Amino acid sequence: MTRSRARTGLALALLLISAGARPALAQSLPDLVTTDTLRVCGDPGNMPFSQRKEDGFENKIAAIIADELKVKIRYYWLTQGPGFVRNTLGTGLCDIIIGSAAGGELVQHSNPYYRSAYTLVTRQGEFDGVVRLDDPKLKGRAIGVIGGTPPVNRMGEVGLVSTMKAYAPYQLDPARKHQTVSAEVIADLAEKQIDAAILWGPAAGWLARQSGVPMSVVPLLQEPDRPPLTFRIALGVRMEENDWKRTLNTILRKRRADIEAVLRAYDVPLLEEEGNTLLGAPRP
């Protein structure tokens, strides 16, 4: 997935280690993993996922993990794009990527901690009832999408490519107006330069709310399985670090409710583990 993540165009049981048991952890973890600091590979400008101010939802999840490990966080910042994994996990400068599409081959994944979908984003009231990309109401419309992301293939299958507006997956201009490509797409939608957008849900929900224009964000849950428009998201670690992965799996299981609360606060569309249905509201 790309920076929107679908990052986008782009996406995981040891006993919980207490502070007093940290020497045992040092014996079982590979040498590259530090035991007194959670070293996180992060993007310094990729809201709502992460940024230097540490107010993205991946920053909040990292804080939950650090709290459970009873350690401090240290970030290694690098803009998402080609070479991100090689120059972060691969160099040993950090030990974990918060938010990686499960199934990718560049890293080893923890158990998934959420599942989400690409979404159709529209100005509120303009495409009410549209929940599928083959809906006739979308024909001939200018639909923004990030080039190289899975929805582009689906748009080709249903005849939407000729009028779509494809955005480059990475913003390389230092004078760019928007922090991310997804933010640019939402801004263009708010300014009526495009009619609709198809974006990775975890980016779309928060950006739509921040746009200042009432928008509808509809998860695309009725599309065929191929190309996939839903993905499981996990933590990424180095391939050989199995003990570290099991430690993280234990934390994800124990703090599941806290992590879900963070994701909901950032308007991330959450799906059930199986089937294309939205995850129900948490029980009081």
Side-chain angles (χ1 to χ4, degrees), residues 1 3 5 7 10-114 202 231-256 258-259 262-263:
M1 284 183 280
R3 283 187 74 208
R5 265 199 326 227
R7 230 176 252 195
L10 12 76
L12 295 192
L14 297 176
L15 292 175
L16 185 64
I17 304 300
S18 66
R22 218 169 289 143
L25 177 62
Q27 294 174 27
S28 62
L29 288 180
D31 291 341
L32 284 176
V33 174
T34 57
T35 57
D36 60 349
T37 304
L38 181 65
R39 301 189 306 170
V40 179
C41 322
D43 189 316
N46 189 24
M47 284 297 284
F49 301 97
S50 68
Q51 65 176 356
R52 285 188 188 275
K53 291 191 289 186
E54 300 182 26
D55 54 353
F57 68 76
E58 289 181 354
N59 303 126
K60 305 295 185 183
I61 292 170
I64 290 171
I65 295 171
D67 175 70
E68 200 62 37
L69 291 169
K70 302 297 187 288
V71 298
K72 61 185 178 181
I73 297 177
R74 184 165 72 233
Y75 278 94
Y76 179 75
W77 299 110
L78 183 67
T79 299
Q80 286 271 342
F84 178 80
V85 173
R86 181 179 67 252
N87 293 312
T88 54
L89 280 180
T91 61
L93 290 173
C94 48
D95 303 314
I96 186 173
I97 294 174
I98 309 290
S100 179
E105 297 179 353
L106 294 179
V107 300
Q108 180 178 201
H109 289 101
S110 70
N111 294 334
Y113 59 92
Y114 77 94
F231 292 89
R232 290 175 171 84
I233 303 302
L235 306 174
V237 301
R238 281 176 285 269
M239 290 293 186
E240 69 277 9
E241 294 173 355
N242 295 322
D243 286 351
W244 177 223
K245 180 186 73 171
R246 286 190 285 270
T247 297
L248 293 171
N249 283 340
T250 298
I251 294 171
L252 292 176
R253 184 167 58 250
K254 182 176 181 180
R255 300 297 293 269
R256 180 174 180 173
D258 296 329
I259 292 171
V262 168
L263 295 168

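All values reported here derive from a predicted model rather than from experimental measurement.
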Next item on the list: Identify, with sequence neighbours excluded, every residue that meets side-chain contact (heavy atoms from CB on, under 4.5 Å) alongside Asp67.
Entry: Arg255
Notebook entry, point to check: Under 4.5 Å between any side-chain heavy atoms of Gln108 and Asn242, yes or no?
Noted result: yes
Next item on the list: Would you name the heavy atoms of Val40 and Ala62 that are closest together and state the gap between them?
Entry: CG2-CB, 4.2 Å
Checklist line | Contact check, side chains of Lys245 and Asn249, non-hydrogen atoms, under 4.5 Å | finding: yes
Notebook entry, point to check: Under 4.5 Å between any side-chain heavy atoms of Ile61 and Leu263, yes or no?
Noted result: yes
Notebook entry, point to check: Does Leu106 reach the side chain of Phe84, with side-chain heavy atoms less than 4.5 Å apart?
Noted result: no
Check: Taking the side chain as C-beta and beyond, is there a heavy-atom pair between Tyr113 and Leu248 under 4.5 Å?
Finding: no
Margin query: Restricting to non-hydrogen atoms, name the atom on Gly56 and the atom on Met47 that form the minimum distance, rounded to 0.1 Å.
Written below: CA-SD, 3.6 Å
Checklist line | Non-hydrogen side-chain atoms of Thr247 and Leu69 separated by less than 4.5 Å | finding: yes
Note to self: Can you give me the closest heavy-atom contact between Ala102 and Pro112, atom names plus distance?
What the structure shows: CB-CG, 4.4 Å
Notebook entry, point to check: Given side chains that start at C-beta, do those of Phe49 and Asp43 come closer than 4.5 Å, heavy atoms only?
Noted result: no
Check: What do the steps show when you test Tyr114 against Val262 for side chain to side chain contact (heavy atoms under 4.5 Å, CB included), and what is the final call?
Finding: CA-CA 11 Å; Tyr114 77 94; Val262 168; over 6 Å; no
Checklist line | Over all atoms of both residues, closest heavy-atom pair of Leu78 and Thr88 | finding: CD2-CG2, 4.0 Å
Item checked: Spacing of Ile97 atom CD1 and His109 atom NE2 [to the nearest 0.5 Å] -> 7.5 Å
Margin query: Applying disulfide bond (SG atoms under 2.5 Å apart) as the test, list every pair that has at least one member in residues 38-80; sequence neighbours left out.
Written below: Cys41-Cys94
Next item on the list: Of all the heavy-atom pairs spanning Leu89 and Ile96, show the shortest one and how long it is.
Entry: CD2-N, 3.6 Å
Next item on the list: Heavy atoms only: give me the nearest Trp77-Gln51 pair and the separation to one decimal.
Entry: CH2-O, 3.2 Å
Item checked: Inter-residue atom distance Asp258.CG - Ile65.CD1, 0.5 Å rounding -> 11.5 Å
Note to self: Going by the rule side-chain contact (heavy atoms from CB on, under 4.5 Å), which residues pair with Lys72 if we only count those two or more places apart in sequence or in a different chain?
What the structure shows: Thr37
Check: What distance do Glu68 atom CD and Leu252 atom CG have between them, rounded to the nearest 0.5 Å?
Finding: 10.5 Å
